[in-house]
Q: 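Okay, handing you the structure first.
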Amino acid sequence: MDSSEAQALRKEDNTASTSNTSAQGEDGPKPKKAKTEKKVKKKGRVFRAAKLGYTVHQGEDMLFVISSSSSQFNGLPWSPPKKKIKKKKRTKGKVKTVQIKKKKKVRAKPKPADNPVPSFQEKEETNLFVPQKTADHRWGESLPEEVLINIFQMVVGQDGAVPFLCRVGSVCRLWNAAASSPALWRKVTIGHCWIAPGKNQEPKTEKKIKDTLNWLAQNRFSQLRDFSLYHWKKNVNYAVKVVSEFCPHLRSLTLSNCTGLTACAFHSLALHSRALQSINLQYSEFQVEGPLKYIEDHGSQIKQIWFTHGVKNDRLLATISKGCCPDLELLEINTKLDSTYCELPVCIQALQMACPKLKTFRMLNVRPLQKTMRNVAKSTSGFPLLEELCIATTSYSYLTDKDLWDILFGSTRLRVLDLRGSSRVTPAGLEALPCLELECLFLGHYFSSSSALSAPKGLHMLTQKWSQTLQQLDIANQLFSEDDLEMAMSHLAQATEADTLRSLNLSGTRITPPALRPVIGQMTALNYLNLSSCRYLPRGVKRIYRGQEDIRQLLDKLV
């Protein structure tokens with residue numbers, strides 16, 4: 001080998017070493033470059049050709065959010081922030097907490113080329129989203145208004161118009177327009193307003209209440225039918241006045257547990273509310289002169305009245321008995337369960353002459369006392385349209401068979417008879433009633449002690465008479481004999497063609513397993529059975545049963 005060839009070989013070696021050095025300086029070592037390419041290939045596995053214009057992910061409030069690509073939830077789904085890892089190092093006598101910070105990995109820059117090829121990440125960003133239209137809205141803003149109104153109607157029917165419609169009306173313009181539909185504001189119930197009951201209202205709060213009620217009456221209550229106020233201690237007169245002025249279609253007014261009601265409110269009703277048919281004043285304090293004057297002048301349009309028994313309020317019943325409400329269909333007089341004075345003199349003959357269209361007559365925890373009047377003629381038809389009579393009390397009632405006959409001698413359409421607490425009414429007096437299609441019979445006793453009561457007889461006559469129509473029977477704490485109960489249950493079990501009995505309350509009675517088995521085996525519609533405190537039944541079955549399956553399982557235990 002000559003000297004010229006040796007020099008040429010030296011130049012090639014120097015050129016190769018120089019190229020290797022420059023490649024390491026620009027691109028880094030070959031092993032690191034292989035790792036980088038491996039990571040890029042892993043990301044390439046999530047490549048998608050196209051993605052829909054919305055994503056479903058879990059939001060910060062633990063709800064699933066559906067968002068479009070142009071909304072504020074673009075990008076990756078939300079994930080909770082990762083907690084920083086803290087590592088504890090033990091030193092002499094002390095524990096030192098050292099926070100470990102993650103080091104950022106620096107990737108090697110790719111070697112520049114004449115024709116650069118886009119990476120997998122760039123392809124993912126370009127093909128991940130489909131271009132959206134410029135007029136892209138959220139799903140709630142694209143629903144038809146009629147659909148929203150139907151949805152709101154379902155909620156209003158269950159929870160009421162207030163405050164639901166007031167809240168959804170502030171969502172957007174479309175929801176506000178749907179919530180403003182007058183058809184959704186036909187029934188409005190307002191309870192506590194901004195303050196708890198019993199607390200005084202500040203002047204600013206009182207003004208806010210009046211302004212809000214006035215705005216609602218003028219802008220939302222054009223088709224209002226039923227309006228109710230509960231637990232209002234102030235501004236009751238103002239509310240009644242505003243509603244009566246701006247609601248010409250008002251038919252029902254309920255003022256329950258309210259105070260401060262004066263005659264001016266009823267004067268406003270008399271001037272403006274020509275369609276009013278129902279007045280409910282239960283447990284409210286009011287000046288009795290107001291409703292008395294209203295009933296005397298406009299009682300011909302009233303069909304339903306509720307009020308609470310009291311010394312002054314009882315004058316309403318006397319006014320009704322004079323014939324001021326000839327079209328009255330519902331009359332309810334009630335009082336609280338813990339009331340001590342609950343006796344009310346009633347002239348049944350006068351009430352029958354004054355209200356011949358009465359369909360529902362209730363006296364809840366009020367004991368009627370028969371009152372006779374000299375100048376009142378006896379009614380020959382009684383209550384011919386009466387469908388429900390409720391004279392129930394938690395204490396003793398003085399109602400007798402004769403008193404019951406005087407009330408119901410002409411009530412052939414009676415469906416519901418509630419005489420709970422009437423210990424003087426006998427099965428013989430009930431069997432003589434002219435109603436032949438009774439559906440609900442309640443004869444239970446719910447006062448503290450029944451030891452002083454005598455054992456009645458003749459329950460089998462009642463079940464035999466109404467076995468085809470009876471749906472609910474309550475004889476709780478009645479001391480019928482075992483034989484009488486067995487005959488009565490057999491009459492119910494034999495009515496297999498009708499099979500209408502759904503509720504049976506035998507709590508505290510002398511019912512026995514042989515008398516109970518036929519009823520459970522034959523009555524397939526029975527879904528409520530009360531056997532609590534039944535001493536003649538074995539242990540483990542003295543409880544309340546709900547549902548047909550639960551009642552059917554009782555047959556295996558009645559051996």
Q: For the CZ atom on Arg543, are there more than 12 heavy atoms of other groups (residues, nucleotides or ligands in this structure) within a distance under 6.0 Å?
A: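 Atom CZ in Arg543 is packed in, count exceeds 12.
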Q: Are more than 12 heavy atoms, taken from residues, nucleotides or ligands other than Lys465, located less than 6.0 Å from that residue's NZ atom?
A: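 Counting neighbours around NZ of Lys465, more than 12 heavy atoms of other residues, nucleotides or ligands fall under 6.0 Å, so yes.
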Q: Say whether, by atom type as modelled, one donor and one acceptor occur between the side chain of Thr254 and the main chain of Asn280 under 3.5 angstrom.
A: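 Answer holds: no.
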Q: Is it the case that the side chain of Asn365 and the backbone of Lys336 share a donor-acceptor pair, with hydrogens and angles ignored and the cut-off at 3.5 Å?
A: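 Judged by distance alone, yes, a pair lies under 3.5 Å.
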Q: Measure across Leu292 and Arg315 and return the closest heavy-atom pair with its distance rounded to 0.1 Å.
A: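 Leu292 and Arg315 have their closest heavy atoms at CD1-NH2, 3.5 Å.
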Q: Looking only at atom types and distance, does a side-chain atom of Ser284 sit under 3.5 Å from a main-chain N or O of Leu255, one as donor and one as acceptor?
A: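 Here the side-chain-to-backbone pair exists.
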Q: Test side-chain hydrogen bond (donor to acceptor under 3.5 Å, both in side chains) on Arg220 and Ser180 and set out the steps.
A: CA-CA 7 Å; Arg220 296 291 186 269; Ser180 303; 3.0 Å; yes
Q: Passes side chain to side chain contact (heavy atoms under 4.5 Å, CB included), Ile551 versus Tyr528? Steps please.
A: CA-CA 8 Å; Ile551 296 175; Tyr528 176 84; 6.0 Å; no
Q: Please check if the number of heavy atoms outside His272 that lie under 6.0 Å from its NE2 is greater than 12.
A: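 Yes, NE2 of His272 has more than 12 neighbouring heavy atoms, counting only those of other groups under 6.0 Å.
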Q: Check whether any side-chain heavy atom of Phe227 sits under 4.5 Å from a side-chain heavy atom of Cys247, and report yes or no.
A: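 They are not in contact (no side-chain heavy atoms under 4.5 Å apart), so the answer is no.
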Q: Can you tell whether the side chains of Glu388 and Arg415 come within less than 4.0 Å, N to carboxylate O?
A: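 Between Arg415 and Glu388 there is no salt bridge, as every charged N stays at least 4.0 Å from the carboxylate O atoms.
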Q: Hey, does the side chain of Asn505 reach the backbone of Ala476 with a donor-acceptor pair shorter than 3.5 angstrom?
A: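 No; judged by distance alone, with no hydrogens or angles, the pair does not exist.
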Q: Under 3.5 Å, is there a donor-acceptor pair between the side chain of Asn219 and the main chain of Trp215?
A: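 Yes: the side chain of Asn219 pairs with the backbone of Trp215.
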Q: Taking Trp466 for its side chain and Cys435 for its backbone only, find out whether a donor-acceptor pair lies under 3.5 Å.
A: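 A pair under 3.5 Å: yes.
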Q: Working to the nearest 0.5 Å, report the span between CG of Leu438 and CG of Leu430.
A: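 Spacing of CG (Leu438) from CG (Leu430) equals 9.0 Å.
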Q: Using a 4.5 Å cut-off on heavy atoms from C-beta on, say whether the side chain of Phe307 contacts that of Leu317.
A: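 Result yes, sub-4.5 Å side-chain heavy-atom pair found.
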Q: List the atom of Thr212, the atom of Lys208, and the distance in Å for their closest heavy-atom pair.
A: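 Looks like OG1-O, 2.8 Å.
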Q: If you look at every heavy atom in Tyr446 and Asp474, which pair is closest and at what distance?
A: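 Between these two residues, the closest heavy atoms are OH-OD2, 2.7 Å.
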Q: I want to check something: taking the side chain as every heavy atom from C-beta on, are Leu261 and Asn237 in contact at a cut-off of under 4.5 Å?
A: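 Yes. Closest side-chain heavy atoms under 4.5 Å.
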Q: Look only at the side chain of Arg225 and the backbone of Gln223, and say whether a donor-acceptor pair between them is shorter than 3.5 Å.
A: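 At least one qualifying donor-acceptor pair exists.
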Q: I'd like to know if the side chain of Gln218 reaches the main chain of Phe246, judged simply by a donor and an acceptor atom lying under 3.5 Å from each other, with no hydrogens or angles considered.
A: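 No, the answer is negative, given that no donor and acceptor are paired below the 3.5 Å cut-off.
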Q: Rounded at 0.5 Å granularity, tell me how far OG1 in Thr259 sits from NE2 in His231.
A: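 Those atoms lie 11.5 Å apart.
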Q: Nearest 0.5 Å please: distance from the CG atom of Asn527 over to the CZ atom of Arg546.
A: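 Those atoms lie 10.5 Å apart.
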Q: Apply side-chain hydrogen bond (donor to acceptor under 3.5 Å, both in side chains) to Ser507 and Ser532, showing your working.
A: CA-CA 5 Å; Ser507 175; Ser532 57; 3.0 Å; yes
Q: Does any N or O in the side chain of Ser397 come within less than 3.5 Å of the main-chain N or O of Ser422, such that one atom is a donor and the other an acceptor?
A: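 Not a single qualifying donor-acceptor pair exists.
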Q: Please indicate whether Glu285 has more than 12 foreign heavy atoms, meaning atoms of other residues, nucleotides or ligands, lying under 6.0 Å from its CD.
A: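 Counting neighbours around CD of Glu285, 12 or fewer heavy atoms of other residues, nucleotides or ligands fall under 6.0 Å, so no.
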Q: Give a yes or no answer on whether the side chain of Gln301 reaches the backbone of Leu276 with a donor-acceptor pair at less than 3.5 Å.
A: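 It does hold such a pair.
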Q: Within the structure provided, determine whether Ser268 and Val240 are in side-chain contact (heavy-atom separation under 4.5 Å).
A: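 A side-chain contact is absent here, since even the closest heavy-atom pair is not under 4.5 Å.
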Q: Measure across Pro182 and Ser222 and return the closest heavy-atom pair with its distance rounded to 0.1 Å.
A: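 The pair with the smallest heavy-atom distance is CB-OG, 3.6 Å.
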Q: Looking at Thr509 and Ile475, what are the two nearest heavy atoms and their distance?
A: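 Here Thr509 and Ile475 meet closest at CG2-O, 3.3 Å.
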Q: For a side chain to side chain contact (heavy atoms under 4.5 Å, CB included) check, start with the C-alpha distance between Leu417 and Leu433, then their side-chain angles and the critical distance, and finish with the verdict.
A: CA-CA 11 Å; Leu417 180 59; Leu433 296 178; 3.9 Å; yes
Q: Check the side chains of Gln277 and Arg251 for a donor-acceptor pair under 3.5 angstrom, ignoring hydrogens and angles.
A: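 No, no side-chain donor-acceptor pair sits under 3.5 Å.
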Q: How many angstroms lie between atom NE2 of His309 and atom CG of Leu344, to the nearest 0.5 angstrom?
A: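 It is 6.0 Å, given to the nearest 0.5 Å.
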Q: Taking only residues two or more places apart in sequence, or in another chain, which ones meet Lys357 in a side-chain contact (heavy atoms from CB on, under 4.5 Å)?
A: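 Listed in chain order: Asp327, Leu385.
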